[in-house]
Amino acid sequence: MNKPTQEVQVTGTAECAQTSNLYYWLREASEEVHRLIDIGEFYDAADLLKKIMVASKLRRIHNSYYSDLADLASTRQRDDDEGAVPDGLRVLDFWNALNECWFAFQDVPDKELLHDLCRHLVELCVNLEADELVDHEMGILKESIMRCFIRRIDELSRIEKEYKRHLHFLFQAAYYPATLEK
(Lines give C-alpha, C1' and ligand atoms only; values in the text may rest on other atoms or scores of the structure.)
Protein backbone atom coordinates (compact mmCIF):
# COMPACT_ATOMS: atom_id res chain seq x y z
CA MET A 1 0.00 0.00 0.00
CA ASN A 2 2.76 2.37 -0.83
CA LYS A 3 2.04 5.93 -1.81
CA PRO A 4 3.35 6.75 -5.29
CA THR A 5 7.12 6.68 -5.21
CA GLN A 6 7.87 7.61 -8.74
CA GLU A 7 6.22 8.83 -11.88
CA VAL A 8 4.76 5.70 -13.44
CA GLN A 9 4.49 5.91 -17.18
CA VAL A 10 3.68 3.56 -19.95
CA THR A 11 6.04 4.25 -22.81
CA GLY A 12 4.47 6.56 -25.32
CA THR A 13 1.03 6.48 -23.69
CA ALA A 14 -0.09 9.85 -25.03
CA GLU A 15 1.36 9.33 -28.47
CA CYS A 16 0.14 5.76 -28.91
CA ALA A 17 -3.36 6.66 -27.82
CA GLN A 18 -3.58 9.06 -30.76
CA THR A 19 -1.98 6.89 -33.43
CA SER A 20 -2.72 3.56 -34.99
CA ASN A 21 -1.01 1.77 -32.11
CA LEU A 22 -4.11 1.69 -29.94
CA TYR A 23 -3.92 -2.04 -29.40
CA TYR A 24 -0.33 -1.92 -28.21
CA TRP A 25 -0.90 1.13 -26.03
CA LEU A 26 -3.90 -0.44 -24.33
CA ARG A 27 -2.22 -3.80 -23.86
CA GLU A 28 0.92 -2.22 -22.41
CA ALA A 29 -1.02 0.09 -20.08
CA SER A 30 -3.30 -2.71 -18.90
CA GLU A 31 -0.38 -5.06 -18.26
CA GLU A 32 1.42 -2.34 -16.30
CA VAL A 33 -1.63 -1.70 -14.08
CA HIS A 34 -1.88 -5.42 -13.34
CA ARG A 35 1.88 -5.74 -12.75
CA LEU A 36 1.89 -2.86 -10.27
CA ILE A 37 -1.03 -4.37 -8.38
CA ASP A 38 0.68 -7.77 -8.31
CA ILE A 39 3.78 -6.28 -6.65
CA GLY A 40 1.74 -4.25 -4.17
CA GLU A 41 2.29 -0.83 -5.74
CA PHE A 42 -1.39 0.03 -5.48
CA TYR A 43 -1.05 3.81 -5.56
CA ASP A 44 1.19 3.73 -8.62
CA ALA A 45 -1.29 1.39 -10.31
CA ALA A 46 -4.14 3.76 -9.42
CA ASP A 47 -2.24 6.76 -10.79
CA LEU A 48 -1.66 4.92 -14.06
CA LEU A 49 -5.31 3.86 -14.21
CA LYS A 50 -6.36 7.49 -13.80
CA LYS A 51 -4.06 8.50 -16.65
CA ILE A 52 -5.59 5.84 -18.89
CA MET A 53 -9.14 6.64 -17.84
CA VAL A 54 -9.50 10.20 -19.04
CA ALA A 55 -12.98 10.70 -20.49
CA SER A 56 -11.90 12.95 -23.34
CA LYS A 57 -9.17 10.49 -24.35
CA LEU A 58 -11.49 7.47 -24.20
CA ARG A 59 -14.21 9.31 -26.09
CA ARG A 60 -11.71 10.41 -28.75
CA ILE A 61 -10.35 6.89 -29.14
CA HIS A 62 -13.81 5.35 -29.25
CA ASN A 63 -15.10 7.90 -31.75
CA SER A 64 -12.06 7.73 -34.02
CA TYR A 65 -12.01 3.93 -34.15
CA TYR A 66 -15.59 2.92 -33.55
CA SER A 67 -17.84 5.92 -34.38
CA ASP A 68 -19.46 4.03 -37.24
CA LEU A 69 -20.91 1.50 -34.81
CA ALA A 70 -24.47 2.59 -34.28
CA ASP A 71 -25.60 -0.37 -32.24
CA LEU A 72 -24.43 -3.61 -30.69
CA ALA A 73 -25.46 -5.66 -33.75
CA SER A 74 -23.20 -3.64 -36.04
CA THR A 75 -20.47 -3.85 -33.40
CA ARG A 76 -20.61 -7.64 -33.30
CA GLN A 77 -20.77 -7.85 -37.09
CA ARG A 78 -17.68 -5.66 -37.49
CA ASP A 79 -15.84 -7.41 -34.66
CA ASP A 80 -16.36 -10.69 -36.54
CA ASP A 81 -14.86 -9.15 -39.70
CA GLU A 82 -11.12 -9.27 -38.97
CA GLY A 83 -10.27 -6.82 -41.77
CA ALA A 84 -12.57 -4.14 -40.34
CA VAL A 85 -11.06 -4.16 -36.86
CA PRO A 86 -8.49 -1.37 -36.31
CA ASP A 87 -5.17 -2.69 -35.04
CA GLY A 88 -6.83 -6.05 -34.47
CA LEU A 89 -8.64 -4.68 -31.41
CA ARG A 90 -12.34 -5.38 -31.39
CA VAL A 91 -14.47 -2.67 -29.81
CA LEU A 92 -15.80 -4.97 -27.11
CA ASP A 93 -12.24 -6.13 -26.35
CA PHE A 94 -11.19 -2.49 -26.02
CA TRP A 95 -13.82 -1.78 -23.36
CA ASN A 96 -13.34 -5.17 -21.68
CA ALA A 97 -9.63 -4.47 -21.29
CA LEU A 98 -10.36 -1.09 -19.73
CA ASN A 99 -12.93 -2.60 -17.36
CA GLU A 100 -10.47 -5.32 -16.36
CA CYS A 101 -8.07 -2.60 -15.22
CA TRP A 102 -10.74 -1.44 -12.78
CA PHE A 103 -11.60 -4.95 -11.61
CA ALA A 104 -7.92 -5.60 -10.90
CA PHE A 105 -8.31 -3.39 -7.82
CA GLN A 106 -11.03 -5.55 -6.24
CA ASP A 107 -8.71 -7.14 -3.67
CA VAL A 108 -6.68 -4.05 -2.76
CA PRO A 109 -6.38 -3.79 1.04
CA ASP A 110 -6.75 0.00 1.21
CA LYS A 111 -10.16 1.61 1.81
CA GLU A 112 -8.86 5.12 1.18
CA LEU A 113 -7.55 4.15 -2.23
CA LEU A 114 -10.78 2.35 -3.13
CA HIS A 115 -12.82 5.42 -2.12
CA ASP A 116 -10.56 7.58 -4.30
CA LEU A 117 -10.99 5.22 -7.25
CA CYS A 118 -14.77 5.26 -6.74
CA ARG A 119 -14.75 9.06 -6.93
CA HIS A 120 -12.64 8.95 -10.08
CA LEU A 121 -14.92 6.33 -11.64
CA VAL A 122 -18.01 8.45 -10.94
CA GLU A 123 -16.38 11.55 -12.46
CA LEU A 124 -15.30 9.56 -15.50
CA CYS A 125 -18.74 8.09 -16.01
CA VAL A 126 -20.49 11.45 -15.69
CA ASN A 127 -18.40 12.57 -18.65
CA LEU A 128 -19.06 9.42 -20.70
CA GLU A 129 -22.78 8.89 -20.05
CA ALA A 130 -23.91 11.30 -22.76
CA ASP A 131 -22.11 9.12 -25.30
CA GLU A 132 -23.80 6.00 -23.89
CA LEU A 133 -20.44 4.60 -22.86
CA VAL A 134 -21.46 3.68 -19.30
CA ASP A 135 -23.14 0.43 -18.26
CA HIS A 136 -23.74 -0.67 -21.83
CA GLU A 137 -21.96 -3.47 -23.62
CA MET A 138 -19.64 -0.83 -25.05
CA GLY A 139 -18.23 1.28 -22.26
CA ILE A 140 -17.31 1.37 -18.61
CA LEU A 141 -19.18 -1.11 -16.40
CA LYS A 142 -19.74 1.42 -13.63
CA GLU A 143 -22.41 -0.48 -11.67
CA SER A 144 -20.42 -3.73 -11.58
CA ILE A 145 -17.18 -2.00 -10.68
CA MET A 146 -18.83 0.08 -7.94
CA ARG A 147 -20.53 -3.02 -6.48
CA CYS A 148 -17.18 -4.78 -6.45
CA PHE A 149 -15.41 -1.86 -4.73
CA ILE A 150 -18.20 -1.32 -2.19
CA ARG A 151 -18.18 -5.00 -1.31
CA ARG A 152 -14.41 -4.81 -0.73
CA ILE A 153 -14.71 -1.61 1.34
CA ASP A 154 -17.39 -3.27 3.49
CA GLU A 155 -15.19 -6.35 3.92
CA LEU A 156 -12.22 -4.20 4.97
CA SER A 157 -14.45 -2.31 7.42
CA ARG A 158 -15.58 -5.58 9.01
CA ILE A 159 -11.97 -6.77 9.26
CA GLU A 160 -10.93 -3.45 10.81
CA LYS A 161 -13.81 -3.59 13.32
CA GLU A 162 -12.94 -7.17 14.29
CA TYR A 163 -9.27 -6.25 14.65
CA LYS A 164 -10.14 -3.35 16.96
CA ARG A 165 -12.39 -5.63 19.02
CA HIS A 166 -9.54 -8.12 19.43
CA LEU A 167 -7.11 -5.36 20.37
CA HIS A 168 -9.54 -4.07 22.97
CA PHE A 169 -9.88 -7.59 24.42
CA LEU A 170 -6.09 -8.05 24.52
CA PHE A 171 -5.65 -4.66 26.16
CA GLN A 172 -8.20 -5.54 28.83
CA ALA A 173 -6.61 -8.94 29.39
CA ALA A 174 -3.17 -7.40 29.81
CA TYR A 175 -4.07 -4.43 31.98
CA TYR A 176 -7.31 -5.40 33.69
CA PRO A 177 -7.33 -9.19 34.07
CA ALA A 178 -9.83 -9.05 36.92
CA THR A 179 -12.53 -7.58 34.63
CA LEU A 180 -12.34 -10.62 32.36
CA GLU A 181 -12.97 -13.09 35.18
CA LYS A 182 -16.51 -11.82 35.81
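Small disclaimer: the values here were computed from a predicted structure and weren't measured. Just the heavy atoms: all of them, side chains too, but no hydrogens, waters or symmetry mates, feed the values below.
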Which atom of [X] lies closest to which atom of [Y], heavy atoms considered:
X      : Y      : value
Val33  : Cys101 : CG1-O, 4.2 Å
Leu156 : Pro109 : CD1-C, 3.9 Å
Ala29  : Leu48  : O-CD2, 3.9 Å
Leu124 : Ala55  : CD1-N, 3.4 Å

Check: Asp110 side chain, Glu112 main-chain N or O, donor-acceptor pair, under 3.5 Å: yes
Lys50/Leu117 under side chain to side chain contact (heavy atoms under 4.5 Å, CB included): CA gap, chis, key distance, verdict: CA-CA 8 Å; Lys50 290 174 186 177; Leu117 288 172; 4.3 Å; yes
With Glu132 via side chain to side chain donor-acceptor pair (under 3.5 Å) - residues at least two apart: none
Sequence-distant partners of Lys164, side chain to side chain donor-acceptor pair (under 3.5 Å), two or more places apart: Glu160
Test ring-ring contact (aromatic ring centres under 6.0 Å, His included) applied to Tyr163 - qualifying residues, sequence neighbours left out: none
With [X] via side chain to side chain contact (heavy atoms under 4.5 Å, CB included) - residues at least two apart:
X      : value
His115 : Lys111, Arg119, Ile153
Glu143 : Asp135, Arg147
Glu155 : Arg152, Arg158, Ile159
Glu129 : Val134, Lys142

Pairs touching residues 96-108 that satisfy side-chain hydrogen bond (donor to acceptor under 3.5 Å, both in side chains), sequence neighbours left out: none
How long is the span from the [atom1] atom in [X] to the [atom2] atom in [Y], to the nearest 0.5 Å?
X      : Y      : atom1 : atom2 : answer
Ser144 : Met146 : OG    : CE    : 11.5 Å
His166 : Leu170 : NE2   : CG    : 8.5 Å
Leu114 : Arg151 : CG    : CZ    : 12.5 Å

Can you check whether [X] reaches [Y] side chain to side chain, under 4.5 Å on heavy atoms?
X      : Y      : value
Leu121 : Ile140 : yes
Glu31  : Arg35  : no
Phe42  : Leu36  : no
Leu58  : Trp95  : yes

From CA spacing to verdict: side chain to side chain contact (heavy atoms under 4.5 Å, CB included), Phe105, Leu49: CA-CA 10 Å; Phe105 286 88; Leu49 178 72; 3.6 Å; yes
Verify same cluster id: Phe103, Ile150 (apolar side-chain graph, 4.5 Å): no
Cluster overlap Val54 with Leu98, hydrophobic side-chain contacts below 4.5 Å: no
His168 atom NE2, over 12 foreign heavy atoms within 6.0 Å: no
